[in-house]
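A single structure is presented below for examination.
FYI, the numbering just counts along the sequence from 1. Fair warning: this is a prediction, and the values are worked out from it, not measured in the lab.
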Amino acid sequence: MVLGSIFRRTSSVSNSGNPSNSSSNHDDHSDSSSDSDASSTRSFASAQDNDTSGTKPSRRSTDTERGVGAVTNTTGPASAKDQQHLHLNLDFNALDLNASSPLSDSSLSTRSPDADKVGGGVLQFGTPLPSPVSPTVTASSLSFASSFGATSIMSTSTAATSISSPTTATNTANATNGKEVKSSAKIPSWQSPYTDPPPTRYPYSAASQDILDGDLKGVSFALDIFLKSEMVRCEEFMVERDKGMERLYFATGYGLIQCVKGLMSYEDEDLLAAIGHTKHGNHIASQHRKKQPFFSSLASSLPIHLPGTGSVGVSGDTPTASSSVLFIKGMTDVERHAELVYAESLFEKALLGIVYSGDWLAFIKEALNMRTTISVYRNLHAYVEYMDAVYASTHSSTQNQRLEDPSIDAHFRSGVLLGAGMCNIILSLLPGRLMQLSELFGYKGDRMKGLELLMRAGGWGSPHGREASAGKNGATDDVEDPDGPTVSATDEGVRRSICDMALLIFHLVLSSFTVEGVDVGVADRVLRWNLKRFPNGIFFLFGAGRLHLTRSQPALSISYYTRATKVQSQFPNLHHISYWEIAIARLALWELEGSLQCWRKLEKEASWSRAVYCFGLGACLAGIVDNTKRERLASGTDKKNKEGEEEKKMREEAARFMSRVPGLRQKIAGKSIPLEKFVARKARKFTAQNNHLLLPALELAYIFQAITHAPRDVILGKMLAEVEGGFAELGVTIESKEEGGKRVEELKMDKKRAKSYDKERGGEPAYWDDVCLALFLRGVCLRYIAYPDPDAEPTPTESDLLSVSSDDAPPPAPTPAELEEKLAYEALLKKREEEWPTKKAADASEWCFKMVFEYGPKIELDHHLVYHAHYELAKLLANTGDLTGAKHHLDLVASGKHLEVNAKGMKGRYSMENALHMRTNAALDALGKKGL
């Protein structure tokens, strides 16, 4: 599911339901505030729900070695109230988001009369430093905390200031005794520069260097502990350092955390709180931005992209800049950061608005905000490219590496690379017609360019191959990891880790719908480095689980997802991602009982898509009942083929869940969610057919690509046997023989069984639908037996699984019965291997798909089978080298023509049509370039 599977409410956002009575409505650069006039003091009273008990009191260490305002480590589980309601008590109604009060050097200081003192010194939260304090930093006032380059304040008699961290231990002072320690030991590139919270300057002034020298280090530390799965500690730290949330990076960073919480829980309360915090962060960013001239602002607000804006040209050997680039060049560093943060918070607000509302009006409104975000990112990227070009024109490179202007700080650069890279990728993923429309308005996405920008932020080289460049500290020379990045954790920008996660999402999640640019090897490199840095980081454990599922190693995938559920308990909603993925991985192993347990957990606890959860429960229950019946028939213990009491209870439970599915559907921008529409149709069919479906769990496994990522031996020994059981239920047999060196198969049907089959299902015309379904699933299984997924790797060993598991106890020894079952399964696999060599499996698979085409006009409900059969046959032919035939079938699917027309006339839209069109277009683009 992708962090990618987000489902939205059908209710729209009203003025009364919005946590803010008014909102700022800026154009691309427009703002009604300036950065150096009168002061503006804002008060924040209470949360939008007036629940002051929801804010957990922050805890602060009095040990001066922990730095100014440090918080204690709170890695243990928090209470349910803390987990869901650690929100700031901001009075959004008291905040005029359209205020035009500019900022001054002395404004924006936090006013907190009950601020806590730190250590016994005089520095207080929310109050200015005493006047006698010198702003200079002496050797006795600060020291480096350890050989890792961390910093700490050793005396409160000096002003808190920014401290840069070295990447080696040479000439580093010891934080405990103040002595210098000489060491030549090289620090690993993944080593975090933070062991203690960095200091924060007070009072806050938007016109000073507080943002660049202090706040960015604080936010970097907060992100570091957040990615280490210390979520509550991260929130407490940010609240403690900026109680009023008026600092540029703290306000927007806190809004991002609430955005993640809202999307994970998908509860109205959390979504509304997140919308309020992101609006507030967007307002703070607007106050820090540079005011744009009226006519320039008007031009930037036009929906059509004007030539010459946001671009860099070359006149001779001298780069030339557009008007928007010159405007950004005229900004201060703080204003440029504010411009970047404004785009980020606007994107978060737009995303949350679409998720919460779900109607067309809100979708159009937030789409306009997305357009503004893209415009800002494009202009900022043009500025960075211009500055780098100017710098490169006056400097030469000795290593043939890309030259970057050192005047642009790494934090700003990483943010621009993140925004510009993601915009390029998102625009490149749009469907064909929508992409043509966006290009008409000047918005075109270059996928490879977007990937290159994201990789550049972490020094991963280019999508086409690793660059021969070295980081500032020689990270590329890391002996332990020669494939590591050229940018170390110390030299990185604050958004580098987010760029890495964006790369993982593209290569491991979006790869389900696209092919061009996908490189699982890049995802492997990124994950190995980040798991060294964040061994208990839940987001990178998610990535590791997805990586191994993509490589057809679902058992190893389950180990990583299980570990992800144990490393943190502060954000329990994050566990639901693991349960979703484990449910799919269990289907890939064809362990229906294990998948059933995960669907149960999701149905009870999660709220993303209860329709899918209920259908998954019902499909697994029905599949277990059918398997039990087939096993009894095969063993000869039950010739009457009747269900026992336990099977009847399970089928009744499946019926209860299936009956709920249609009523649990949700909508996105007024439109039904395709996956939920599909499961609702299947659930109605289950009810209409006397609580029966043929192979429901295996069809669900296909939809979730669990067959694609299943180990070959599981497909041979379990899934193919499941399909054969389905044929037996239909009274269908397949006879095969050799003709001219090719396997020829023939379908034999029992006509009496065809009549009784429909009668058993309440008189519904289900026989031909189920015959085509069984043929289709057999063809898919044989296709992956002949040609496994190109990214598939060997099944992991027991030691591989134990290396990931957090349990110290080894698994129990197998019982004699389990050993006997294992030996029987291995014998079956050996027989199947001999029965299905590559050529025979490919021929049989092609025959199955063609039989679906033949019987397709007889289908009554499951019309999608014909279109998916064309798609799967095209991929099979591409693997055999028949690119012409593959293109023919892909073109049929992409054409939109009705491929299963019978005497009754045209059919309507089929299930999962849009998703299949995306995959078909991606396959057409990759045809002949890489494996399908």
Side-chain angles (χ1 to χ4, degrees), residues 2-4 28 300 303-307 309-312 322 324-325 328 339-340 343-344 346-348 350-351 367 369-389 402 404 408 412-465 467 493 495-496 498-519 522-523 526 918 921-922 925-926:
V2 180
L3 290 171
D28 204 6
S300 66
I304 299 179
H305 176 55
L306 299 177
T309 60
S311 60
V312 178
S322 64
S324 59
V325 170
I328 296 173
E339 197 74 15
L340 175 61
E344 292 171 340
L346 192 63
F347 172 81
E348 296 161 16
L351 178 62
N369 286 333
M370 291 284 191
R371 180 200 64 81
T372 302
T373 298
I374 294 173
S375 296
V376 174
Y377 276 133
R378 182 171 52 195
N379 292 335
L380 291 175
H381 180 242
Y383 162 76
V384 171
E385 292 289 298
Y386 168 76
M387 297 298 291
D388 288 347
R402 177 187 175 85
E404 296 178 347
I408 299 177
F412 178 79
R413 185 180 293 276
S414 68
V416 173
L417 293 175
L418 171 64
M422 286 305 300
C423 287
N424 271 285
I425 292 175
I426 292 172
L427 290 173
S428 73
L429 291 171
L430 293 177
R433 294 178 182 177
L434 191 56
M435 184 182 296
Q436 293 174 1
L437 181 62
S438 67
E439 290 177 358
L440 177 64
F441 288 96
Y443 298 97
K444 184 177 181 180
D446 185 337
R447 183 176 306 181
M448 301 310 295
K449 178 67 175 178
L451 291 172
E452 190 233 329
L453 294 176
L454 292 177
M455 295 180 73
R456 194 192 303 170
W460 296 106
S462 69
H464 307 285
E467 294 173 344
R495 299 168 182 86
R496 180 262 184 78
I498 305 177
C499 290
D500 286 353
M501 288 192 286
L503 285 170
L504 296 179
I505 291 172
F506 176 81
H507 292 296
L508 302 178
V509 180
L510 296 182
S511 57
S512 301
F513 300 96
T514 189
V515 179
E516 183 187 4
V518 173
D519 189 342
V522 170
V526 174
M918 288 183 65
N921 291 326
D925 293 338

* Over all atoms of both residues, closest heavy-atom pair of Y377 and G415 ->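 The answer is CE2-O, 4.0 Å.
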* Asked: What's the spacing between I408 CD1 and S414 OG if we round to 0.5 Å?
  ->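 If we round to the nearest 0.5 Å, I408:CD1 and S414:OG are 12.0 Å apart.
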* Asked: Hey, what do you get for CG (L427) to CD1 (I374), rounding to the nearest 0.5 Å?
  ->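 Rounded to the nearest 0.5 Å, the CG-CD1 separation comes to 4.5 Å.
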* Would you call H381 and L453 a side-chain contact if the rule is heavy atoms closer than 4.5 Å? ->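 Counting from C-beta outward, H381 and L453 do come under 4.5 Å.
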* Asked: Does CZ belonging to F506 count more than 12 external heavy atoms closer than 6.0 Å?
  ->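 Enclosed.
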* Taking the side chain as C-beta and beyond, is there a heavy-atom pair between F513 and L429 under 4.5 Å? ->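 Side chain of F513 against side chain of L429, heavy atoms only: no contact under 4.5 Å found.
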* To do: Tell me, with the steps shown, if Y443 and S375 meet side-chain hydrogen bond (donor to acceptor under 3.5 Å, both in side chains).
  => CA-CA 9 Å; Y443 298 97; S375 296; 3.1 Å; yes
* Start with the C-alpha distance between I328 and E339, add both sets of side-chain angles, then the distance that settles side-chain contact (heavy atoms from CB on, under 4.5 Å), and finish with yes or no. => CA-CA 9 Å; I328 296 173; E339 197 74 15; 5.7 Å; no
* In chain order, what residues pass the side-chain contact (heavy atoms from CB on, under 4.5 Å) check against M501, with sequence neighbours excluded? ->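 M501 satisfies side-chain contact (heavy atoms from CB on, under 4.5 Å) with L227, I498, F539, F540 once adjacent residues are dropped.
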* To do: Scan N424, D925, T514 and name whichever one has a side chain to side chain donor-acceptor pair (under 3.5 Å) with R447.
  =>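 Of the listed options, the one satisfying the test is T514.
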* To do: Using the side-chain contact (heavy atoms from CB on, under 4.5 Å) rule, take L454 and I425 through it: C-alpha gap first, then chi angles, then the decisive distance, then the call.
  => CA-CA 10 Å; L454 292 177; I425 292 175; 3.5 Å; yes
* Considering non-hydrogen atoms only, spot the tightest contact between N369 and A350 and give its length. =>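 Minimum heavy-atom contact is CB-CB, 4.0 Å.
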* Does a salt bridge link E385 with R378, judged by any charged N lying under 4.0 Å from a carboxylate O? ->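 Result for this pair is no, no salt bridge flagged.
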* Approximate separation, where rounding is to 0.5 Å, of K444 NZ and L430 CG ->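 With rounding to 0.5 Å, NZ (K444) is 13.0 Å from CG (L430).
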* Asked: So how far is it from E516 CD to N921 CG, rounded to the nearest 0.5 Å?
  ->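 Rounded to the nearest 0.5 Å, the CD-CG separation comes to 12.0 Å.
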* To do: State the CG-CE distance between L351 and M370, to the nearest 0.5 angstrom.
  =>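 Going from CG on L351 over to CE on M370, the span is 5.5 Å.
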* Please list, chain by chain and in numerical order, all residues satisfying side chain to side chain donor-acceptor pair (under 3.5 Å) with E344, sequence neighbours excluded. =>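 Only R495 meet the side chain to side chain donor-acceptor pair (under 3.5 Å) criterion with E344.
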* To do: Starting from the C-alpha separation in whole Å, work towards a yes-or-no answer on side-chain contact (heavy atoms from CB on, under 4.5 Å) for V526 and W460.
  => CA-CA 8 Å; V526 174; W460 296 106; 3.8 Å; yes
* Spatial distance of atom OG (S428) from atom CG (L451) [nearest 0.5 Å] ->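 CG of L451 is found 7.5 Å from OG of S428.
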* Under 3.5 Å, side chain of H507 to main-chain N/O of D519, donor-acceptor pair present? ->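 It does hold such a pair.
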* So does D388 pair up with R413, basic N to acidic O under 4.0 Å? ->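 So D388 pairs with R413 through a salt bridge.
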